[in-house]
Amino acid sequence: MIDVILGLQWGDEGKGKIVDFFASDYDVIARFQGGPNAGHTLYVDNTKVVLHQIPSGVFHSNTINLIGNGVVLDPVTLKRECDTVSSFGIDLKKNLFVAERTHLILPTHRALDKASEISKGHDKIGSTLKGIGPTYMDKTGRNGLRVGDLVRSDFRTAYDKLSKKHWQLLDGYSFDEDISAWEKEFFDGVEFLKGLNIVSGEYFINDHLSAGKRILAEGAQGSMLDIDFGTFPFVTSSNTITAGVCSGLGVAPQKIKDVLGVTKAYCTRVGGGPFPTELEDSIGEELRKIGNEFGATTGRPRRCGWIDLVALKFACMINGVTKIVMTKADVLDSFDELQVCTAYKADGNNTEEVPYQMTGINLEPMYKKFKGWKIDSSVLKVEKELPAAMQQYVGFINQYLGVKVNYISNGPGRDQIVSLS
Ligand code: GDP
Ligand code: IMO
Ligand code: MG
């Protein structure tokens, strides 16, 4: 069977830490979508590492890691990440596999991402500029190049053909930056990638399933950034939800067992787009400061606000979440009062549903207030030590969502997590 860990908000929920925490229970960890737009932070021997494309189980010597076909892969970032991971003594020849159907991010995809964002002006998505959108466009537009194409003797010709097509679009944007340095890095990265284990991802996963191995699918971004169900057009370009596991790895839906949804105890968003519970005041500033809310990939300050149960319940529904992991509970330690969004007033009407569009309407969050717990929760180890105020906060969330918070993460460290009965 295959379990899934994915984000329930707008990304950066702490998926990397949680995957790393559970990794030793699994034989294989697989990324099924996204690309180097992701930044998953974990701590290895007290050293901070941010992974972008390599699954977060890579530091466990007994797990093997697969970059699945649903991912879009940048050989430049991959080579850099592999160098970092290898410096910890990890043998990537043994424990990293790449699906041959995975699409490649070309330097011109990055250029197109940049040119497209500039052309949008104030309406820009706030993309990470890693070339994600243009690469997925070439996938669905049936133009892209895949990892399996690297061994083709005419790979360079195919690259030049696609790149020429991109330059026609770039000329339309009047983009005239010299990207020859990116191209050099790209071809160095390609040579490196050719030396990794390139496999048929779908047979790899299904053979492991048949052999009774335990598999964990690691999501990137978050459910509210999903291309179909997120706050379109302010989303990423892949299916970040459970359904993405099937198409992004080649597994049947009935093989999926547990879906662990990760949410912060509050909420953040990086980039543009609607965020109903955003706090543009001193409380939002405080959350950003205490939570160190700056992007792991781009360093941009994250927008901060209270937890949004309307959006969370929607995410639980779309994903079939069976267990919730609540991260960064410790960030709320010093607040006297906490708020939880239980409904929206959308153009004057109360609703507990996520509307089709959150922009262009008057959307007001409605809150229930809770008392803060006002203790240092980062040192707590077991459920019975949790303060009553935290239990009330979590108890209400369980009841509202109809899915239980099974774990509370109370610090960035691997051992900072409390299991709930
Ligand atoms: P991801 O993209 O979902 O993997 O999350 P990021 O790594 O982008 O952002 C989460 C940040 O919160 C990282 O800096 C983590 O080290 C940190 N973090 C994760 N869990 C906790 C927690 O429970 N408490 C605190 N204080 N930090 C956490
Ligand atoms: P992890 O996996 C938070 C956001 C960008 C932008 C939008 C589209 O670390 O949670 P893209 O580069 O995909 O075209 O950007 O999505 N975004 C993320 N926000 N965490 C992420 O990944 C993100 N990946 C993309 O900021 O608003
Ligand atoms: Mg992140």
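These numbers come from a predicted model, not from an experiment. Each ligand, and each atom within it, is numbered from 1 in the order the structure gives.
Ligand 2 places these atoms under 4.0 Å from at least one heavy atom of W10: 3 (C), 19 (N). The K15 neighbourhood of ligand 2 comprises atoms 1 (P), 2 (O), 10 (O), with distances under 4.0 Å to a heavy atom of that residue.
Protein heavy atom closest to atom 4 (C) of ligand 2, with residue, atom name and distance, is L225 CD1, 4.0 Å. Nearest to atom 15 (C) of ligand 1 among the protein's heavy atoms is T41 CB, 4.0 Å. Scanning the protein heavy atoms around atom 12 (O) of ligand 2, the nearest turns out to be T128 OG1, 2.5 Å. For atom 13 (O) of ligand 2, the nearest non-hydrogen atom of the protein is T236 OG1, 2.6 Å. Scanning all protein heavy atoms for the shortest distance to atom 2 (O) of ligand 1 gives G39 O, 2.8 Å.
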Which pairs of donor and acceptor atoms, one on a side chain in residues 388-400, lie under 3.5 Å apart (sequence neighbours left out)?
residue : atom : partner : partner atom : Å
Q391    : NE2  : L386    : O            : 3.2
Y393    : OH   : A265    : O            : 2.7
N398    : OD1  : V405    : N            : 2.7
Y400    : OH   : T342    : O            : 2.7

Show every donor-acceptor pair shorter than 3.5 Å between a side-chain atom in residues 70-84 and any protein atom, with sequence neighbours excluded, or say none if there are none.
residue : atom : partner : partner atom : Å
D74     : OD1  : V76     : N            : 2.9
D74     : OD2  : T77     : OG1          : 3.4
E81     : OE1  : H52     : N            : 2.8
E81     : OE1  : Q53     : N            : 3.1
E81     : OE1  : I54     : N            : 3.2
E81     : OE2  : Q53     : N            : 3.0
E81     : OE2  : Q53     : NE2          : 3.4
T84     : OG1  : R80     : O            : 3.2

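Each of V98, T102, L96, V199 was compared with L66 under the side-chain contact (heavy atoms from CB on, under 4.5 Å) criterion, and only V199 meets it.
Considering only residues two or more places apart in sequence or on other chains, T298 meets the side chain to side chain donor-acceptor pair (under 3.5 Å) condition with R300.
The set of protein atoms (N, O or S) found at less than 2.8 Å from the Mg ion (ligand 3) reads D12 OD1, G39 O, by chain and number.
Under the 3.5 Å distance criterion, the side-chain polar atoms of K328 are matched with a main-chain donor or acceptor of G291.
Among K48, K328, R302, E13, the residue whose heavy atom lies closest to atom 9 (O) of ligand 1 is R302.
Considering backbone and side-chain N/O of V331, none are found under 3.5 Å from N/O of ligand 1.
D149 and Y159 share no side-chain donor-acceptor pair at under 3.5 Å.
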